Amino acid sequence: MCGIVGYIGGRSAWPIIVKGLQRLEYRGYDSAGIAVIDDGALRVNKCRGKVADLLNLVRSQPIGGTIGIGHTRWATHGEPNDVNAHPHVSMNGHFVVVHNGIIENYREIKARLAEKGYTFKSQTDTEVLANLIECLYIEQGLTAEQAIKAALRKVIGAYGLGIMCVDESGLLFGARKGSPLAVGVGEGEFFLASDATPIAEHTDKIIYLDDEQVVTLSRDGYYVSNLADDHLDPVISHIDFAVDNIDKGGYEHYMLKEIHEQPNSVADTMRGRVNPQTRTISLGGIADVLPRLVKARRIIIVACGTSYHAGLVGEYLFEQFARVNVEVEYASEFRYRDPIITPDDVIIAVSQSGETADTLAAIRMAKQKGALVLGICNVVGSSIARDTDAGIYTHAGPEIGVASTKAFTAQVTVLTMMAFLLGRKRGALSQERYEQLVESLLRVPDMIGRVLQDEAHIRDVSKAYQLAQNAIYLGRGYLYPVALEGALKLKEISYIHAEGYPAAEMKHGPIALIDNCMPVFVLAAHDMYYDKIVNNIQEVKARKGQVIAIVTRGDSEISKMADYVIEIPECDEALLPLVAVVPLQLISYDVAVMRGCNVDQPRNLAKSVTVE
Ligand code: M6R
């Protein structure tokens, strides 16, 4: 949830670190800080607020130094303030630490350190860790690297760490367990970062550290080892996106850019997998395990948030086309429920970041129980991608806006490809129907493009609801998960209370909320539920609710009843989620902007939730 950047090399460290923190700010943005060692002296600047506030601070007191670490925070222990902001310096000033994760046994460690005379300035678990490292360093006469490893052997919890020791100022240390950390390998310079985005503009060579690995960086090279002190030979991977992908590209916000990228990102998700000539699908990432997937007794999709909504679409797809039992579970519930899992089950973890703590824990548990575990992730080299038996990358490109948009359509695209392929392999889909579906899927990027052309009309509709206090989203079948996703998008970035329901559920309670102030967004495209959803619209109108209907182009019936209609192109019912979600994303965006909200960094949220 927090972002870490580190640099060692020949250039001035602070501009590189601050720029890196700006790239990582989507991970957490309640405080920021930087520590640099300049001529043997440690300089620390940190403050509550955004990286821009830190930049003002640093600019007013320029600092030198070619080694440093920085942090952008999403508070776990202690409120966001200047003192709790990272980096944290150990009591005697030997070590300085930035940390992403939670040290679960920090209270016990703190008590033991207090008995030895250690005092603490902050309420954070990180300061406890800094002091533990220092205590071991002094008491046992260890090197900095040895002291870090000795301390990490004592902690329980998750960490991505950047550490410097003032006495060994030619070395920069990193360590990970549970929270991601990568090393950028440049020419005579090295970078540490929570993900590839701050590294990409400096080098395309990257090492993704594994759990319980420690890296020691000098200007001459890197040395990776584990907590048992064994030397390891890490794999160097290549960053697979261009720096342009992590800029706003002329858009006012990342979210708007990412919404507009969807015709391309969905095409990218299909690239090399859906063959337009043969009208077939081939999924290299799961080719080896396909026979086991085909024979699966049950598929369990685990995810959180938007990815969970994508999973719900997957449930409809797998059941309809592959005729296999599917359950979709919130990872946070699934992991603790001691669910009944057998080796005939296949677990599919869906996650944009690939770092979501609950999803990661859920797949580890399922693996132990012998299930085949697959991943659908966007971030290459992420923990979930590496901890699964096989998987499919969504290839949507970096998603920086905290509100997930293009990741959702990419995830649904992967699930759609899987369902069609599995349907064919299980004999549940005829060759003819399979080919028709593949053809329709190939048309989706174009359909999304056509929805985006209607942006001005969608903005006009949004204007009418910028002052709303509540909203209801209704859908049926494939469009029910889209209703949930629409409501989540609105609430997370505009802070309007919004709920999604299966339209038929309205009568069982939510209808009591409907009056002339209640906007009701109804997903009412042409599908098998059309007549039923028309009835639901009438029920809302009879209670004077405001209806904003997402309809199939040319629909004349609903436009007579609804207050506003937004048209989407006619498409196969199973592909509707990919198209119908787009106007809802735009409405949330427009309303949030009109309300003056920080669209890309909504309050209290962080992009990747690496704590449970
Ligand atoms: O990285 P993940 O897909 O695992 O993240 C799961 C949720 O935290 C995420 O989808 C969240 O709900 C989005 N910010 C919503 O827009």
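Since we're looking at a predicted model, the values are computed, not measured. Numbering of ligands and ligand atoms starts at 1, following listing order.
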**Q** Kindly write out the residues that satisfy side-chain contact (heavy atoms from CB on, under 4.5 Å) with Leu467, not counting sequence neighbours, or none if the list is empty.
**A** none
**Q** Under 4.0 Å, heavy atoms only, figure out whether ligand 1 is touched by the backbone of Glu492, its side chain, both or neither.
**A** side chain
**Q** Can Thr359 be said to touch ligand 1, with heavy atoms closer than 4.0 Å?
**A** no
**Q** Give the atoms of ligand 1, by number and element, whose distance to some non-hydrogen atom of Ala403 is under 4.0 Å.
**A** 16 (O)
**Q** In terms of side-chain heavy atoms, does Glu355 have a donor or acceptor partner in Ser383 at a distance below 3.5 Å?
**A** yes
**Q** Using a cut-off of 6.0 Å, state whether more than 12 heavy atoms not belonging to Lys369 lie near its atom NZ.
**A** yes
**Q** Quick test: of every protein heavy atom, which one is nearest to atom 9 (C) of ligand 1, and how far off is it to 0.1 Å?
**A** Thr306 N, 4.0 Å
**Q** If you have a sec, work out which protein heavy atom is nearest atom 6 (C) of ligand 1 and how many Å separate them, to one decimal?
**A** Cys304 O, 3.3 Å
**Q** For Lys489, take its heavy atoms, then give the atoms of ligand 1 lying under 4.0 Å from any of them.
**A** 15 (C), 16 (O)
**Q** Looking only at protein heavy atoms, which one is nearest to atom 2 (P) of ligand 1, and how far off is it?
**A** Thr356 OG1, 3.2 Å
**Q** Among all protein heavy atoms in this structure, tell me which lies nearest to atom 8 (O) of ligand 1, with the distance rounded to 0.1 Å.
**A** Val609 CG2, 3.9 Å
**Q** With heavy atoms of Ser351 as the reference, note each atom of ligand 1 found under 4.0 Å away.
**A** 1 (O), 2 (P), 3 (O), 4 (O)
**Q** Looking only at side chains, do Thr306 and Lys489 share a donor and an acceptor under 3.5 Å apart?
**A** yes
**Q** Check the side chains of His260 and Glu455 for a donor-acceptor pair under 3.5 angstrom, ignoring hydrogens and angles.
**A** yes
**Q** Roughly how far, to the nearest 0.5 Å, is OG of Ser179 from NE2 of His99?
**A** 6.0 Å
**Q** Measure from NZ or CZ of Arg603 to the centre of the six-membered ring of Tyr495, then state whether that distance is under 6.0 Å and the direction lies within 45° of the axis.
**A** yes
**Q** Just by distance, with hydrogens left out, do Thr394 and Asn378 show a side-chain donor and acceptor under 3.5 Å apart?
**A** yes
**Q** Show me which atoms of ligand 1 lie under 4.0 Å from any heavy atom of Ser307.
**A** 2 (P), 3 (O), 10 (O)
**Q** Should you measure from each heavy atom of Val402, which atoms of ligand 1 turn up under 4.0 Å away?
**A** 13 (C), 14 (N), 16 (O)
**Q** Considering non-hydrogen atoms of the protein only, which is the closest contact for atom 1 (O) of ligand 1, and what is the distance?
**A** Ser353 OG, 2.6 Å
